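Since the structure comes first, as structure tokens, the remarks are kept for the end.
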Amino acid sequence: MARRKKIYEGKAKILFEGPEPGTLVQYFKDDATAFNAEKRATIEGKGVLNNRMSEHFMTGLNTIGVPTHFIKRLNMREQLIKSVEIIPLEVIVRNVAAGSISKRLGIEEGTPLPRPIVEFSYKDDALGDPLVTEEYIIAFGWASQQDLDDIVALALRVNDFMSGIMYGVGIRLVDFKIEVGRVYDGDYQRLIVADEISPDSCRLWDLKTGEKLDKDVFRRDLGNLADAYTEVANRLGLMPKNVGNGTGPTLVS
Ligand code: UDP
């Protein structure tokens, strides 16, 4: 029997009603999907790793003044978040060509881009999340010009923050996707980073070897996805350290 009301179930996460109005509980599943859910698997431990990593990135963003939906982590798989009205866009920032931009424009993967490029896809699984222009977004009322200016500014701040964090642990942030939500303070609306930031939604390459440490490991059958995510979490100092030396309890004087 359900412990509480399920609000929404997506491919990798479930949202439940939160304890206070305006809050939700976000539960991270172990399910992995790719190619619009044509490829699926359950990867033990992925949800725990993504919950912890998303907490780490969102907490850092909140601290430097980039607003996010994150309130606090509740347990291994769940975090308390602000309820937002999701803007139906995937906001993608690219530093290096890879994936769809490489295919679309014939740019070799790994080519640095002249500057960070922000692009938008319309969130619709049935349509395969098609790339859309700002004209489409404004004409169809998904966001206003002011919203778009704010979204681009948010996305570029997330890019600088995440690039720096990753660089510090020997990883290149190739690209990533965020989602943005609206929250209302009375009549006043604000846009905040929502959903998750994790190796499911970023491309992360080892700076020296180019080894892929993100969901491409699953998409392209390059090895064990949980191992790749554990490597990222380890470098970020997020994995619990083994306590003691295995010889039994130590007396504290
Ligand atoms: N991405 C995502 N969800 C999506 C589509 C893309 O998280 O539904 C992320 C993806 O992991 C990558 C970036 O956005 O870090 C750019 O993805 P791209 O457009 O190259 O698409 P892909 O090659 O993954 O189909």
Side-chain angles (χ1 to χ4, degrees), residues 22 24 26 50 53-72 79 81-101 104-105 107 111-124 129-169 171-204 214 236:
L24 295 172
Q26 180 164 251
N50 282 352
M53 284 192 269
S54 201
E55 171 194 15
H56 180 68
F57 303 134
M58 298 252 184
T59 304
L61 286 166
N62 284 339
T63 305
I64 64 161
V66 178
T68 80
H69 72 165
F70 181 82
I71 301 172
K72 67 173 180 181
Q79 48 184 242
I81 58 169
K82 288 181 190 154
S83 164
V84 302
E85 191 180 292
I86 284 283
I87 294 183
L89 298 173
E90 307 217 315
V91 181
I92 292 169
V93 184
R94 301 178 186 277
N95 300 303
V96 174
S100 65
I101 196 173
R104 196 178 313 117
L105 302 180
I107 306 174
T111 309
L113 297 167
R115 56 173 228 185
I117 293 177
V118 181
E119 67 182 43
F120 304 99
S121 297
Y122 179 53
K123 261 171 73 72
D124 186 316
D129 298 340
L131 187 72
V132 290
T133 65
E134 294 203 3
E135 280 281 298
Y136 289 20
I137 295 167
I138 294 164
F140 294 119
W142 300 324
S144 67
Q145 182 65 61
Q146 178 64 55
D147 291 338
L148 280 173
D149 293 347
D150 292 348
I151 290 169
V152 169
L154 264 184
L156 291 175
R157 289 189 76 192
V158 174
N159 186 42
D160 284 346
F161 174 79
M162 290 294 296
S163 294
I165 291 221
M166 290 302 171
Y167 178 73
V169 296
I171 293 173
R172 170 170 292 133
L173 179 64
V174 170
D175 57 30
F176 66 93
K177 182 238 9 178
I178 55 168
E179 293 184 25
V180 175
R182 289 178 210 282
V183 282
Y184 296 93
D185 290 332
D187 286 344
Y188 181 71
Q189 70 133 36
R190 286 192 311 141
L191 296 176
I192 67 177
V193 178
D195 191 49
E196 75 179 295
I197 303 179
S198 76
D200 265 9
S201 52
C202 300
R203 280 198 172 91
L204 304 170
D214 57 64
L236 292 165

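On a predicted model such as this, the values are computed, not experimentally measured, just so you know.
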Working for side chain to side chain contact (heavy atoms under 4.5 Å, CB included), residues Phe70 and His56: CA-CA 10 Å; Phe70 181 82; His56 180 68; over 6 Å; no

Would Ile87 and Ile151 count as a side chain to side chain contact (heavy atoms under 4.5 Å, CB included) here? Give the steps. CA-CA 10 Å; Ile87 294 183; Ile151 290 169; 4.0 Å; yes

Does the pair Gln79 and His69 meet the rule for a side chain to side chain contact (heavy atoms under 4.5 Å, CB included), with working shown? CA-CA 10 Å; Gln79 48 184 242; His69 72 165; 4.2 Å; yes

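Side-chain atoms of Thr63 come within 3.5 Å of backbone atoms of Thr59 as a donor-acceptor pair (strictly under, hydrogens ignored). In this structure, Asp129 contributes its side chain and Asp124 its backbone to a donor-acceptor pair below 3.5 Å.
Note: Ser201 OG to Ile178 CD1 = 9.5 Å, rounded to the nearest 0.5 Å. Atoms CG and CE, on Leu236 and Met53 in that order, are 7.5 Å from each other to the nearest 0.5 Å. Atom CD of Gln26 is separated from atom OG of Ser83 by 11.5 Å, given to the nearest 0.5 angstrom. A distance of 8.5 Å separates CG in Leu156 from CZ in Arg115, rounded to the nearest 0.5 Å. With values rounded to the nearest 0.5 angstrom, Gln145 atom CD is found 10.0 Å from Asp150 atom CG. Separating the OG atom in Ser163 from the CD1 atom in Ile171 is a distance of 12.0 Å, to the nearest 0.5 Å.
Here Val132 pairs with Leu89, Phe120, Tyr122, Tyr136, Ile137, Trp142 under the side chain to side chain contact (heavy atoms under 4.5 Å, CB included) rule; sequence neighbours left out. By the side-chain hydrogen bond (donor to acceptor under 3.5 Å, both in side chains) test, Asp160 is found to be paired with no residue, residues two or more places apart in sequence or in another chain being considered. Looking at residues two or more places apart in sequence or on another chain, you find a salt bridge (Lys or Arg N to Asp or Glu O under 4.0 Å) between Arg94 and Glu119, Asp175. Every residue two or more places apart in sequence or in another chain was checked for a side-chain hydrogen bond (donor to acceptor under 3.5 Å, both in side chains) with Glu135, and none qualifies.
Closest non-hydrogen pair, Ala194 versus Val84, comes out as CB-CG2, 4.0 Å. Of all the heavy atoms in Leu191 and Pro67, the pair that sits closest is O-CG, 3.8 Å. For the pair Thr68 and Lys82, the tightest heavy-atom approach, listed with the atom from each and the gap, is O-NZ, 4.1 Å. Between Met162 and Leu173, the closest heavy-atom pair is CB-CD2, 3.5 Å. Contact record, Ile138 with Ser144: CG1-C, 4.2 Å, taken as the closest heavy-atom pair. Contact record, Ile64 with Arg157: O-NH2, 3.1 Å, taken as the closest heavy-atom pair.
Applying the ring pair (Phe, Tyr, Trp, His ring centres under 6.0 Å) rule to pairs touching residues 172-197 yields nothing, sequence neighbours excluded. For residues 179-195, the pairs satisfying salt bridge (Lys or Arg N to Asp or Glu O under 4.0 Å) are Lys13-Asp195, Glu85-Arg182, Lys123-Glu179, Asp147-Arg182, Lys177-Glu179, Lys177-Asp195, Asp185-Arg190, with sequence neighbours left out.
A 4.5 Å side-chain heavy-atom check between Pro199 and Asn50 finds at least one atom pair inside the cut-off.
At most 12 heavy atoms of other shown residues, nucleotides or ligands fall within 6.0 angstrom of atom CZ in Arg172.
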